[in-house]
Every structure is written in structure tokens, then in C-alpha cells.
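Scroll down for the structure; my scribbles are underneath it.
Proteins come first, then strands; the chains are lettered A, B, ... in the order of their sequence lines, and each starts at number 1. In what follows, every heavy atom counts, from backbone to side chain, and hydrogens, waters and symmetry copies are set aside.
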Amino acid sequence: ADTMKIGISQNNVGVDSYQTTYEKAFISAADANADVETVVLDAGGDVARQIAQIEDLIQQEVDAIIIWPTNGEAVIPAVRKASKAGIPVIVTNSNIAEQGFDFVKSFSGPDNITQGARSAEIMCDKFKDMGIADKAKIVQISGQPGYTTAIERAQGFEERLPEVCPNVTLVETQPGDWNREKSQKVMEAFLVKYDDIDGVYAGDDNMGVGALNAAKASGRDGIIFVGATNFSVGYEAMERGEYWGSIYQSPVDDAEAALQTAVDVLAGKEVPFLNYFDTPKITQDNMSNYSKPVF
Amino acid sequence: MSELTQEKIGLKSRRREQPVGRFSNLKLGEILARQGILIAFALFLIGFTIANDRFLAPDNIMGVVRSSAILGVMALGVTFVVLSGNLDLSVGSMMSFSTIVVLDLHDKIGPVLAIPAMFAMTMCLGALIGFLVGYLRLNSLIVTLGMLSAIHGLTLTYSGGKNMDIADKEGTWFSVFGQSDLVGIPVPILIFALLASTLGILLAKTPYGRKVYAVGGNGLAATFSGINRSRVVFTCYVLSSFCVATAGLLQASRSLGSQNTVGQGLELEVLAAVILGGASLMGGSGTIFKTVIGVLILGFIQNGLLLVGLQFYAQYIVTWIIIILAVWLDIAAKRGKLWSPIA
Amino acid sequence: MSTQKPALRLEGILKTFPGVRALDNVSFSVIPGEVHALMGENGAGKSTLMKVLGGLYQPDDGQIIIDEQPVVMTSPLQAKSKGIVFIHQELSLAEELTVAENIYLGELPHKSFGRVDWKKLHAQTDSILQRLKVGFNAKTRVGELSIANQQMVEIARALTVEAKAVIFDEPTASLTDAEKVVLFDVITDLKSHGVGIIYISHRMEEIFKITDRISVLRDGQYRGTLNTAETTDDEITQLMIGRKLDLSRNASHHEVGDVALEVRELSCGALFKNIDFEVRRGEVVGFYGLVGAGRTEIAETLFGLREPTAGQIYLDGAEVTIHSPADAIAKGISLVPEDRKGQGLVLGMNCRDNMTLPQVEGLKFGPFVAETDEVAIFDKYKERLDIRTPGWKQTVGNLSGGNQQKIVIAKWLSMHPSILIVDEPTRGIDVGSKSEIHNLIRELASQGYAVIVISSEMPEVLHVSDRIIAMYSGEIMRTFTSDEVTEDNLIQAISGITSNRAA
Amino acid sequence: MEPGTLSTFLKRGAIWGFIVFELIFFSLAGEFLSFSDKAFMDLDNMLLLFKQSAPIGIIAVGMTIIMINGNIDLSVGATYALSAIVLLDSMTWPMFAGMGNAVIPIAWGLALLTGVVLGALNGLIVWKTGVDAFIVTLGAMLGYRGLVFMYNGEQPTSHLNWTLVDFAEAQFLGLHTATWFLVAVTAAVWFLMNKTVHGRNAYAIGDNRAAATNAGIRVGPHMLINFMIIGFLASLSAVAFYSESGSVNPNDGELYELWVITAVVLGGTKLTGGAGSVLSTLGGVLAIQLLRKGLGHIGADTETVNLAIGIILIAVLLLDRQLNIKGKEELRV
Ligand SMILES: Nc1ncnc2c1ncn2[C@@H]1O[C@H](COP(=O)(O)OP(=O)(O)OP(=O)(O)O)[C@@H](O)[C@H]1O
Ligand SMILES: Nc1ncnc2c1ncn2[C@@H]1O[C@H](COP(=O)(O)OP(=O)(O)OP(=O)(O)O)[C@@H](O)[C@H]1O
Ligand SMILES: [Mg+2]
Ligand SMILES: [Mg+2]
């Protein structure tokens with residue numbers, strides 16, 4: 001068959017190991033497929049750069065474009081341009097807004113809202129086991145302000161928590177910017193401010209471990225840490241019994257799913273429009289079922 | 001050099017009456033007024049204490065200083081660079097590099113070798129910048145911005161983009177730098193204090209420090225005074241990279257694992273601390289002591305606002321106001337007038 | 001004259017800076033059409049008084065009266081609108097802009113939409129430049145001009161507006177004789193148009209040549225006003241410094257020693273070529289020439305700041321290559337540079353640190369700077385050169401121009417060089433200190449130093465030198481001994497008229 | 001100064017030389033490394049280059065004025081984001097309901113006004129307090145960003161108006177709308193800086209502030225106006241860009257200040273003020289954009305892009321230095 005030329009514009013590769021691992025996985029998946037050639041671009045978190053990249057890919061006449069949107073709405077006109085040029089567009093990892101659905105073939109990625117909800121359930125179940133579900137107080141450390149993933153995870157968590165554990169109070173939320181160090185600082189302040197913290201929900205394990213480090217340093221025991229996107233640091237902390245649970249999400253699955261969707265679209269196969277891959281709960285209880293994340 | 005001494009030339013003194021009262025000594029009040037930044041610092045310490053009674057708790061203070069130590073150590077080095085009339089925007093990215101490198105080498109060659117190896121690698125980067133800015137006289141803003149990007153690329157290549165973690169976190173003594181206490185004081189604070197006093201003395205009391213001020217104040221005049229301006233600038237960058245390596249060590253030891261972006265964005269925070277301390281971006285003025293104050297102000301602002309529990313965006317806005325007020329108060333005290341004389 | 005109504009009056013002006021009372025109850029007035037000299041030692045308060053008049057400083061007390069109306073002068077803009085033009089002691093130019101833009105800075109002629117009227121600007125500028133007989137044009141970038149020519153640009157500003165009074169603050173400090181003649185013509189011309197002129201200078205001959213009255217300040221206080229026609233050098237000096245001055249040359253007849261510095265066939269591109277001379281221990285060699293003659297460049301080459309394209313330098317008979325100023329200093333050479341603000345001083349640094357900068361590496365107590373030794377050096381030279389400052393902590397930028405220059409000289413004297421090069425050493429220095437510096441130069445020579453004095457002031461060169469080298473356009477025209485030199489043959493030599501080059 | 005003398009052109013030529021080098025390099029490298037059949041120096045691609053340079057370019061032109069004037073503005077990225085929010089949000093305000101597309105010019109006006117006000121605030125603080133512009137705008141970078149987040153929390157602010165999108169995507173005489181904005185702004189600012197009294201005074205202030213004050217130029221108002229101009233241009237850039245994209249993240253425009261300053265300095269404007277040219281700034285912007293585009297064209301990965309951009313920035317400086325060396329007669333300092 002003719003080689004398929006697939007271009008991808010990622011959100012912000014350097015920023016965390018999830019995205020870097022994604023990029024690596026994407027490239028190796030493409031290398032493994034003799035029919036696929038790829039152009040891998042990184043928008044560096046900048047919408048303007050991402051739009052320029054889509055324009056460039058259109059100009060280079062690629063066969064399909066995969067996009068990891070920096071902003072689910074701002075890219076719509078650019079996506080429309082691609083679609084007008086007859087190039088199928090696949091959205092990966094976090095979806096674009098509904099207005100743009102007409103111009104894309106498929107979305108493939110995790111469901112951030114469900115992830116947030118699942119984290120709430122993990123937290124709640126643990127509190128119930130401990131018998132403190134009626135009075136527990138928790139704090140949240142969210143991802144970088146403005147990022148869809150950060151927003152949706154917080155939203156999923158905040159909506160689900162009162163449904164499952166109506167008496168648990170979320171006393172304060174502060175952003176940790178996906179950054180372990182920043183998260184540690186935020187947690188230090190929380191510890192000074194609140195004598196009574198039973199649980200911490202962090203938008204990803206990096207921040208969760210930052211918070212854990214702060215708690216360890218100040219000698220506060222018995223806090224339940226729940227994260228999202230299980231990183232290897234989080235997995236190790238769970239092994240040590242310091243960190244309760246997280247959401248298992250593999251960037252490799254994410255990348256491979258996106259590429260496969262694109263290949264399928266080009267091959268003329270029917271693909272579901274919303275192509276979520278599963279991101280299960282992982283806790284100290286069931287972690288033996290999962291291999292340690294590579295990132 | 002001539003054998004002649006000054007005495008042989010025979011400096012005959014030309015006695016004149018010094019008009020009485022024409023030159024009075026500077027008054028204590030005036031000296032105090034020059035320390036506007038300290039007053040600003042005191043003012044908002046009081047403000048936060050009123051807003052939250054835990055703000056001045058010893059634990060909290062210790063905590064703030066400890067977590068400011070990393071930023072602080074970097075700011076010490078950047079003070080030298082700024083004093084010499086240059087900028088360093090690469091420190092954040094370089095700090096990520098050293099953290100990742102030392103963590104990686106820790107498991108590969110052991111901490112005893114990893115630490116000097118990491119220092120050597122980081123200081124090579126510093127030397128490269130120093131060469132470009134000092135000897136080739138390239139614009140420091142662009143060079144260090146370029147290095148910010150290039151070192152980030154280097155770190156990503158080195159780590160393959162992955163988080164770097166020490167395998168055996170419980171069993172290594174490597175955590176002493178970041179996590180343990182000595183005589184009841186956290187080690188990072190001790191390292192920061194030690195480095196601050198050493199570099200403070202280096203800057204204020206040694207010929208080298210004097211040269212740094214001269215080069216930043218007027219590079220041409222420094223050259224005409226026989227100072228090797230290129231070398232001074234070069235060493236400032238090497239020194240800065242030494243501080244960055246120390247910060248990377250503290251960071252790595254504190255969390256025993258790190259992201260590739262651990263230092264991202266710190267360059268502007270560091271610069272803000274240095275400038276807040278009153279160093280001039282034009283070079284030639286500023287002190288280590290003031291930089292330390294600047295670091296503490298930034299650290300306490302962040303912590304205080306978190307304790308008060310403002311939304312993060314309100315923190316941004318308050319930080320804006322505090323930064324400008326602090327510097328304004330500082331210069332207003334120096335010039336003795338609130339409003340600027342700009343026509 | 002004094003019966004006429006003054007164009008402007010300053011009354012009871014008081015001005016203090018932290019630690020300094022710069023002006024203490026000073027009164028002063030200018031009559032239309034007179035040239036009124038303001039004299040005083042370095043740091044006496046002349047510039048400060050003029051800055052008060054020019055709206056740059058607000059006085060702590062006292063008032064300014066123009067046309068019998070008291071005015072509160074709050075800005076240079078206002079001063080300008082009152083017809084006061086201020087030609088500053090320190091060059092006040094934007095180097096990246098053209099001559100025309102600088103001359104009309106702040107009042108560029110414009111058309112609709114704020115567009116600059118370039119035609120008008122250049123036409124007006126050209127006519128002014130013609131009056132000043134200068135060799136550059138309206139479109140030249142000021143940064144490309146020599147210091148002297150930049151000074152002429154400053155002076156040109158006096159001719160742009162309908163001035164009531166023009167302040168010249170040491171306009172001749174960096175001018176050569178030819179330009180001075182032009183300046184004096186300009187002043188005479190302004191005077192004939194009824195403009196009152198305030199003229200600050202340390203050069204007596206100028207004062208007697210062009211001024212009508214002389215007011216003297218001492219230590220920030222008004223000391224009196226004299227009619228130029230009825231007074232003498234001595235009387236003025238007496239008022240200025242409170243004693244008489246011995247201006248005779250220190251007739252130190254000492255033995256001239258071995259050759260300390262020898263230069264053979266030294267060239268540096270187009271800047272200078274085939275320079276041959278030697279300086280012996282105990283000898284003062286003067287370099288005299290027009291601006292651009294290449295004297296400064298020779299000095300810079302000897303100090304390791306330029307790489308010669310050909311030729312040799314010998315120190316005490318041994319050939320040397322001088323790589324850098326640090327190298328030059330190590331070999332015993334000192335250079336007092338021409339441009340004190342740009343090359344001589346770190347303006348934001350205190351007086352002491354500036355003074356000891358080149359030797360700070362040698363003044364050590366363990367690893368630290370020996371601050372007490374530094375203060376001792378400072379005190380010694382403060383005394384010797386009579387530097388006026390509240391103390392070593394004062395920022396050099398806050399000193400008066402002349403006192404700044406003294407700091408630069410002290411900086412290099414305190415190095416005990418075996419070869420001392422001074423480039424325009426007394427620029428902006430008052431008569432008292434100037435003769436003191438001249439004496440010092442002579443004394444240094446008598447102690448066995450080899451000294452090179454570069455100066456554009458003929459009396460200075462004649463006064464201090466044992467031999468005088470006349471330069472023209474990068475080449476040595478002739479070498480005179482102090483016996484054979486006369487003003488006439490010196491002027492001939494530097495204008496390139498004589499070509500019998502010295503061996 | 002009547003600009004464009006040969007010597008200054010040569011000195012500023014480094015950046016244009018570099019652009020030519022980039023074009024040749026990427027065209028050749030593209031032949032071997034890229035699978036694209038399209039040539040790099042394709043006309044459409046070059047037109048895109050201009051369009052894509054517009055967001056940074058328009059701000060960079062403003063930054064040139066500020067830096068010539070001897071100041072710096074680090075808050076442009078935040079101003080850009082806040083103006084974008086006003087632009088998009090105001091179109092949905094109830095008070096403008098039922099106006100149809102007539103709301104577009106109003107929204108533009110409000111967005112531009114936002115920029116001017118934010119710029120004026122910076123300018124006033126710099127003028128009245130005498131605090132260095134670096135600190136004032138570093139603070140404002142945080143403060144204005146705080147306002148951005150305050151407006152709509154962490155949510156993006158969106159309003160897709162297809163009329164507006166079509167207008168923004170349109171091409172007139174081959175050039176995209178955003179390109180026209182860039183061209184117009186460059187021309188206007190070139191005129192301002194080279195032909196008007198305000199521009200020449202701005203040069204003088206940046207060159208030697210004391211001299212300007214002595215000459216009676218009112219430094220404060222000039223700085224104020226220039227800050228208003230850069231605020232205006234930051235919001236104009238937002239208008240040009242967000243008219244097309246229709247949605248703004250609260251962290252949009254972050255790091256723009258650094259890229260803008262880089263472009264300006266690459267173009268040869270002095271950080272200390274007094275010298276610089278708008279046209280060369282345009283060269284700096286194009287050089288950076290071309291670099292990103294070219295690296296994408298040849299398929300460099302993230303690490304390589306970061307490394308290459310860093311190294312090339314430094315290489316341009318080296319080239320510039322090499323061109324400006326005066327030869328042996330230069331003072332060794
Ligand atoms: N901005 C300032 N801050 C502090 N002191 C100052 C300042 N400006 C001037 N002085 C001091 O005021 C005194 C008068 O200085 P001024 O410049 O008026 O002297 P001057 O008579 O012009 O001397 P010169 O002949 O050397 O130019 C000096 O002692 C000087 O140090
Ligand atoms: N032809 C010229 N036109 C304009 N500037 C010149 C010219 N020649 C030299 N200059 C500049 O004038 C300044 C003084 O010239 P130079 O140092 O060569 O002469 P000099 O003999 O030391 O004169 P002086 O010491 O009186 O200024 C230098 O900055 C030099 O670059
Ligand atoms: Mg004076
Ligand atoms: Mg000279």
C-alpha cells in the first residue's frame with residue numbers, strides 16, 4: 001500500500017513525563033508500522049503555535065492529522081481548515097468542543113471527568129473503611145490552571161464526591177501546576193493552616209507525591225493520598241504503603257490508540273466517534289494486577 | 001615597579017581649614033531610611049501575622065525558609081551575574097538538568113561520585129555561558145534564553161523524557177542534604193546560610209567582589225583599571241552554575257526523584273528575588289544580604305497568601321501589588337520623596 | 001554697567017545634599033549684554049548654582065527673579081521657556097541621534113501629525129554649524145564625533161533660541177584653541193544681541209579675555225563680585241582659595257636618568273604611524289597636537305588597549321609586548337585616561353573604591369581587601385589633591401566634575417608607576433589644584449618617574465614638559481626641548497606646516 | 001536620523017542574512033529529510049509564514065518602541081490574554097444582544113481599550129513611582145494574569161463567530177488578514193519612530209535620559225504613551241489572532257514576552273535603549289518563526305527543537321558579532 005503520512009501536533013511535550021512517554025510511544029508505534037510515516041510536532045502549550053502547526057501540516061499535504069488540543073475550542077477553525085482540505089482529523093487525549101465535532105473523525109483518549117469521579121470513589125471507599133466518612137476533611141491540589149485535563153479532573157472529583165460521601169468536606173483547593181515541588185510547598189502551607197487533614201486529592205501522582213513528601217517531612221501520619229495518572233513514583237509510594245491509590249492510565253495505550261484510530265480512518269474502517277480507553281482505579285489493594293508505570 | 005615609596009615623593013600636605021559643619025556625618029535616621037526594603041518586609045510580615053496567627057509560628061517560619069532555600073541558593077549566584085551587568089535566564093533549566101543528572105548517576109555510580117560528577121557537568125554549562133558572554137561578549141539575555149531552551153533539550157535527551165527517581169529511597173544517605181536536621185535546623189537552611197555568608201563575604205570583602213562591582217558599574221573603566229572584564233564575567237557565570245548545582249543537589253535530595261521540569265520558570269522568580277532585593281539590572285549595585293531579603297520576601301508572600309487562603313488568582317494580584325510597593329518604598333526611602341522626579 | 005536692570009537674579013539660594021551644603025545663601029545676577037564669570041574651586045558650587053537656575057535642582061531656600069518677577073523653576077523645560085539656555089559641564093547628548101536632532105532636542109520643528117520637519121531642521125542646523133565653522137554636518141551621528149566636536153554640538157544649542165541668558169559651564173574644558181576662538185566669537189555675538197552670559201571656567205586667560213564681571217564662590221558661599229577690567233589673577237585667586245598661589249615652575253633641576261620607555265616605528269593602522277620617541281627617568285615629555293592627532297591612541301597602545309600593527313616598545317631597554325592594561329600595570333605603566341566618566345570612573349561606586357581599583361588585588365589582608373590601607377591611601381590623596389567630598393563613602397557620581405578628575409589622578413598616582421601617562425590631566429580642574437597637579441608631575445619626575453603628558457592646553461605643556469613632541473595627523477612632526485620651544489613654532493608644527501621631523 | 005544609511009543597514013543585515021541562510025538550509029534539508037513533496041520555499045508556505053508571525057510580530061513591534069525608549073514590558077503576554085477574553089466575552093454580553101455582527105467592531109474596540117488601559121497603568125506606575133519598568137511589568141505579568149484567571153476561573157473563554165472567523169481567514173491580495181495587520185502596524189510604527197517628534201524623542205530618552213530631561217523633554221508622558229502603544233498592540237495582536245481562533249485559555253500568551261524580547265534583540269535593538277529599528281525586529285520575528293517552521297518541516301523531535309533553537313539563537317549573535325568586528329584598530333576592551 002501507499003505509505004500514510006500522518007502528522008501530530010501535541011500539547012506540550014517537555015512539560016511532564018506522561019507527554020514525553022506518549023511522544024516516544026507514538027514514534028515507536030509509527031516506526032513499527034511500515035506503512036506509516038509521521039511528522040511529530042510539539043505546540044509547547046501555545047495555541048498560536050499549534051494552529052500554525054496544523055496549517056503547516058495542511059500545507060505539507062499529510063494524509064491525516066492527529067491533534068492533542070491546547071485549547072478544545074481555539075483549534076476548531078484550524079481543524080475546519082483541515083477538514084475543508086479533505087484531511088481527516090483525529091483528536092487525542094482531551095477532546096475538542098462540540099462545535100468542532102463536525103470537522104473531526106474521531107476522538108481517542110481517556111475520560112478525564114470519569115477519572116476525577118473515580119478518584120473521588122477511591123477516596124470515599126477508603127474513608128468508609130476507616131470509618132471516618134462522616135467527618136473527614138480533605139484538600140485538593142489541582143493541575144496547572146487553564147489545562148483541560150486539570151479542569152476536568154477537578155470537576156469530575158468535585159461532582160462525584162458529594163454523591164458518594166456527602167459528609168466529607170473539601171476544605172481548600174490550590175493548584176500545584178503538575179509540579180512536585182510546587183505541590184510540596186502548597187501542602188506545607190496546608191499543614192500549617194489545618195490541623196486536621198484526612199485526605200489529599202492530587203491531579204496527578206507527581207503532585208500527590210510532592211504532597212506526601214511534605215506530610216512526611218512534618219511528621220503528619222494517617223493522611224490518605226489519592227492521585228490520578230499513576231506515575232512510577234506514585235506506584236512506588238503505594239508499594240511502600242504511604243500512598244493509597246490513583247488512576248491507572250498509560251500514555252503508551254493513549255498514543256497507540258490515537259495512531260491506530262488514524263490508520264483505521266485512512267483505511268476506510270468505521271471507527272466510533274468517542275473512542276475512550278479505560279483508565280481503571282489502582283489502590284494498594286489491587287496494585288499487584290498492574291505493572292509499574294514506565295514513566 | 002618603581003622602588004619609590006610614597007613617602008619619598010614627599011607628599012607635603014597643604015594645610016587648609018576645613019569649613020566647620022559643611023560636611024556633617026550621615027545620620028542614623030538616614031541610614032535606616034535607606035533600608036526601605038527591610039521596612040517593607042517588616043510591614044507585610046505584620047500584615048500577614050494579623051491575618052493568620054500561624055504565620056509567625058516557628059514551624060512555619062522554618063518551613064518557609066527551608067523551601068525558599070533552593071530558590072535562595074540560585075539567587076545568590078544570579079546576584080553575581082546581575083551585579084556584573086548581565087542576566088541569567090538559564091538557571092531554572094540548568095537546575096532541572098543537575099537534579100536529573102544527580103538522580104540518574106546516584107543509582108549508576110553511587111552518590112559519592114554522582115555529586116562531583118553532577119557539579120562538574122553543571123559547571124561546564126556555566127563555563128560555556130561564561131565564555132560566550134564574558135569572552136565573546138554576546139548579549140547575555142539571548143545567550144541565556146538560548147541556553148534555557150538548549151539545556152531543556154539536553155535534559156530531555158538525557159532522561160528520555162522520563163521522571164528520574166532513586167530506586168532505594170529509604171536506604172540512601174543521599175537524603176541528608178534535603179531532608180535532615182542539624183542542631184535542630186534543617187540542612188538546606190544551613191547550606192543556604194553557609195553559602196550566603198561565604199558569597200556575601202566574597203562579594204563585600206575581597207578584591208574579586210570589588211571587581212564584580214566595577215565591571216558591572218562601568219565595564220570600560222574596569223578595563224582601564226587593569227581588570228580582566230572577560231574573566232570576571234566568566235567566573236560570575238561559573239559561580240552561578242555552582243549555585244545552581246547546589247540547588248539541584250538540594251532539590252534531588254529533598255524529593256529523591258524529579259520531573260524534567262522541576263526548575264522550569266524559576267529563572268524569573270530568582271530574578272524577581274534579586275531585583276526585589278534592590279539589585280540594579282544595569283549592574284554594579286546590590287548585595288547578597290539584600291538578595292537574601294528578596295528571597296525571603298518572595299517566600300513569605302507565597303506562604304502567607306496560601307495561609308490566608310486566597311484564590312490563586314488573588315495571590316497573583318496581591319503579589320503584583322506587594323512587589324511594586326516593596327520596591328517603591330525602597331527607592332522612595334532612598335530618594336527621600338514618595339513620587340518620582342521623572343518629568 | 002551695574003546700573004542696568006539685571007536680566008535675572010538669584011537671591012539667598014540655599015542647597016544641601018546629604019552630608020553636603022553645596023550652596024549657602026548665594027546671590028548672583030546677570031545684566032543683559034554682559035559676560036559674567038562664575039569662579040571658584042572644584043566643588044565650590046558653581047554647577048549646582050546653575051542647575052538651580054536651570055530648573056534641575058530645587059533650592060531649599062532663596063528665590064530666582066527674572067524680569068523682576070519671582071519664578072519657581074521646576075523643570076528644565078520651564079527654564080527654557082524663560083529664555084535660559086544651559087550648556088552643561090558634562091556632555092548631555094544622545095549619541096545615537098544626529099547632530100541636528102541633538103541641537104534641537106526637545107524642540108524639533110514639526111509639521112502636521114507631529115511629523116518632524118527634516119528640511120527645516122537641517123537647514124537651521126546647517127546655518128548654525130556654519131557660524132561655528134565646524135567640520136561635520138547636520139546629519140552626522142553624534143556618537144561618531146570626537147569629544148571636542150560633541151562639545152561644539154552642545155554649544156550650538158545656545159544659538160537655537162531667543163535666549164535671555166546663556167550658561168556655559170566649562171565649555172572649553174575639552175576644546176582646542178581653534179574651537180575656542182569660534183566659541184568666543186559666538187559669545188561676543190550673543191552679547192551684542194543683549195544676551196546675558198554666565199561663563200564658568202578655570203582658565204584665567206579666558207576669563208580676562210571675554211568676561212566683564214567675575215563672581216566668586218568659595219565652599220558654597222558667595223565671596224564677592226569684581227569688575228574684570230579692574231582686577232588681577234592674584235585678587236581672584238585670593239578670593240577663591242583664600243591665599244596667594246605660587247605659579248612659578250618648580251625649578252627642580254634634577255638629573256635625567258636612563259631611558260625608561262623607548263618606542264620605535266610604532267604604528268597602528270591609520271591611527272598613527274612610525275612613532276619614534278623615548279622617555280627617560282626623571283623626564284616629562286609633553287605631547288601636543290590637535291584633536292584627532294592620535295596622541296590618545298598612542299597612549300592606549302602603550303597601555304595594552306590597542307594592538308600595534310608594527311613597531312617595537314622597549315621598557316628599560318628590553319623589548320616587550322603589552323597584552324592588556326593588567327599587563328601594562330604589572331610592567332609599571334599607568335594611564336590617566338582622557339574620558340573620566342567613560343573610562344576613568346565607576347560612577348556608582350564610592351570614592352575610595354574607585355581610587356584603589358587598579359591595585360585592589362595588591363591591598364590584601366589575608367584573602368580580604370585591606371580596607372584600612374585603602375582608607376589610608378584615600379586620605380593621603382584627598383589631602384594632597386584637596387579632594388572635596390564628605391568622606392570616602394560618597395558616590396563618585398555625586399562629586400563635582402573637578403573633584404572626579406582628581407580621584408582619577410589619585411587612582412593612578414597611588415600605583416607608584418615607573419611610567420606615568422596622563423591624558424588631559426587637568427581638564428576641569430581649578431587653578432589651585434591645577435598648579436598642585438603640575439607641581440606633582442614635576443616632583444614625580446624628579447623622583448625618577450618617566451612621565452608623558454598629553455594635553456591640548458599649550459600653557460600646560462609648556463609649563464610641565466622637559467621636551468615636547470608635536471603631532472599632526474598621526475605622525476610626529478617635531479620634538480622640541482624646553483629651551484627651543486616657542487608658542488609660534490609649536491603651533492606651526494601641530495598644523496603640519498613644518499615637516500622637519502625629529503629623529 | 002534619516003534611517004537607512006549603508007553602514008547601519010550592513011550592521012543590521014545579520015538577521016536578514018540569517019533568514020536567507022535558514023531558507024536555503026531548510027529547502028535543502030527538506031529535500032532529504034522530509035517526506036513532504038511540497039518544497040519549503042513554496043509561495044503559500046511563505047505567505048503562511050507571515051501570517052503565523054503576526055501574533056508575536058505585532059507585539060514585538062510594540063516592544064521595539066518600549067526598548068528604544070529604554071524600558072521593557074514583561075506583561076504583554078498577560079495583556080494579550082486579557083484583551084482576548086474581553087474580545088470574545090463581550091460579544092456575548094446581554095447589552096449587545098440582538099446586534100448581530102455589529103457587535104464585532106464594538107468587541108474589537110473594547111479589547112483594544114483593555115490593552116490601552118493596562119498599558120497606561122504600567123506607564124503611570126513607571127512614571128509616577130520611578131520603579132524600574134522591569135519590576136513594574138514583572139509584577140504586572142503576574143497581576144494581569146491574575147485578572148485573566150479571575151475573569152473566568154480556569155475555564156477557557158470562548159465565542160466562535162463564524163463571520164469573524166471567515167474575515168480572519170480571508171486573504172486579500174494573497175496576504176492573510178493577520179498579515180495585513182502586521183504590515184500596517186509595522187508601517188505605522190516605522191513612521192512614528194522615524195518621522196515624528198514623539199519617535200525621535202523616544203530615541204533620545206532611551207539613549208540618554210538625563211540629556212533628554214535637560215533638553216526639556218518630558219520623559220514621563222513619552223513613556224506613558226509608549227506603554228499605551230504596546231498595550232494597544234498587544235491587544236491588537238489578540239484581536240487579530242482570536243478573531244480566528246475564537247477561544248482563549250487563561251494561560252495563553254505565557255512566555256510571549258520572552259520570545260518577543262528575543263525577536264527584538266535579535267533584530268539588533270539595544271536592551272539599554274536608544275537604538276533599534278522596527279524593520280529589523282520584523283526580521284527577528286521572521287527568523288524565529290522560520291526556524292520553528294523549518295524544524296517542523298524536517299521532522300525534528302521536541303528535544304532537538306529545543307536544542308536547535310537554543311544553539312541557533314546563540315549562533316545568530318556570533319554571526320552578528322563577526323559582521324560588526326571593526327578590525328585591528330578596535331580598542332581591546
Ligand atoms: N547630586 C549630588 N549629591 C550629593 N552631592 C552633590 C551632588 N551634586 C553636587 N554635590 C556636591 O556639591 C558640591 C558642589 O558641587 P558642584 O558640582 O556645584 O561644584 P563645581 O563648583 O561645579 O565644581 P567643578 O569646578 O569641579 O565643576 C560638591 O561638594 C559636590 O560634591
Ligand atoms: N577625523 C576625525 N573625525 C572625528 N573624530 C575623530 C577624528 N579623528 C579622531 N577622532 C576621534 O577624536 C577623539 C580624539 O582623537 P585622538 O584621540 O585621535 O586625538 P588626540 O590627539 O588624543 O586628541 P585629544 O586628546 O585632544 O582628543 C577620538 O575619540 C577619535 O576617535
Ligand atoms: Mg561644575
Ligand atoms: Mg586625546
Item to check | Per-residue contact mode, C/Glu374 against chain B (heavy atom under 4.5 angstrom) | outcome: side chain

Checklist outcome for this item: Closest heavy-atom pair, B/Phe224 versus C/Gln343, reported as atoms and distance to 0.1 Å, is CB-O, 3.4 Å

Item to check | From CD1 (B/Ile227) to CD1 (C/Ile329), nearest 0.5 Å | outcome: 8.5 Å

Checklist entry - Where is the tightest heavy-atom contact between B/Ser225 and C/Lys411, given as atom of each residue plus distance? => result OG-NZ, 2.8 Å

Checklist outcome for this item: In short, C/Ala326 meets B/Gly226 closest at the heavy-atom pair CB-O, 3.2 Å

Checklist entry - Which bit of C/Phe303 comes within less than 4.5 Å of chain B, counting heavy atoms only: side chain, backbone, both or neither? => result side chain

Checklist entry - Considering only heavy atoms, which portion of C/Glu371 lies under 4.5 Å from any heavy atom of chain B: side chain, backbone, both, or neither? => result side chain

Next on the checklist: Closer than 3.5 angstrom, by distance alone: can the side chain of B/Asn218 be matched with the main-chain N or O of C/Gly344 as a donor-acceptor pair?
Outcome noted: no

Next on the checklist: Other residues, nucleotides and ligands only: do more than 12 of their heavy atoms fall within 6.0 Å of CZ on C/Phe365?
Outcome noted: no

Checklist entry - By a 4.5 Å heavy-atom criterion (distance strictly below it), what part of C/Leu345 contacts chain B: side chain, backbone, both, or neither? => result backbone

Checklist entry - Contact part of C/Thr356 toward chain B, heavy-atom cut-off under 4.5 Å: side chain, backbone, both or neither? => result side chain

Next on the checklist: With a strict 4.5 Å heavy-atom criterion, list every residue of residues 199-212 of chain B that contacts chain C, or say none.
Outcome noted: B/Ile201, B/Ala204, B/Lys205, B/Thr206, B/Pro207, B/Arg210, B/Lys211

Next on the checklist: Please find the pair of heavy atoms, one from C/Val346 and one from B/Gly217, that lie closest to each other, and give the distance.
Outcome noted: CG1-CA, 3.6 Å

Next on the checklist: Return the CZ to OG distance between B/Arg229 and C/Ser324, rounded to the nearest 0.5 Å.
Outcome noted: 13.5 Å

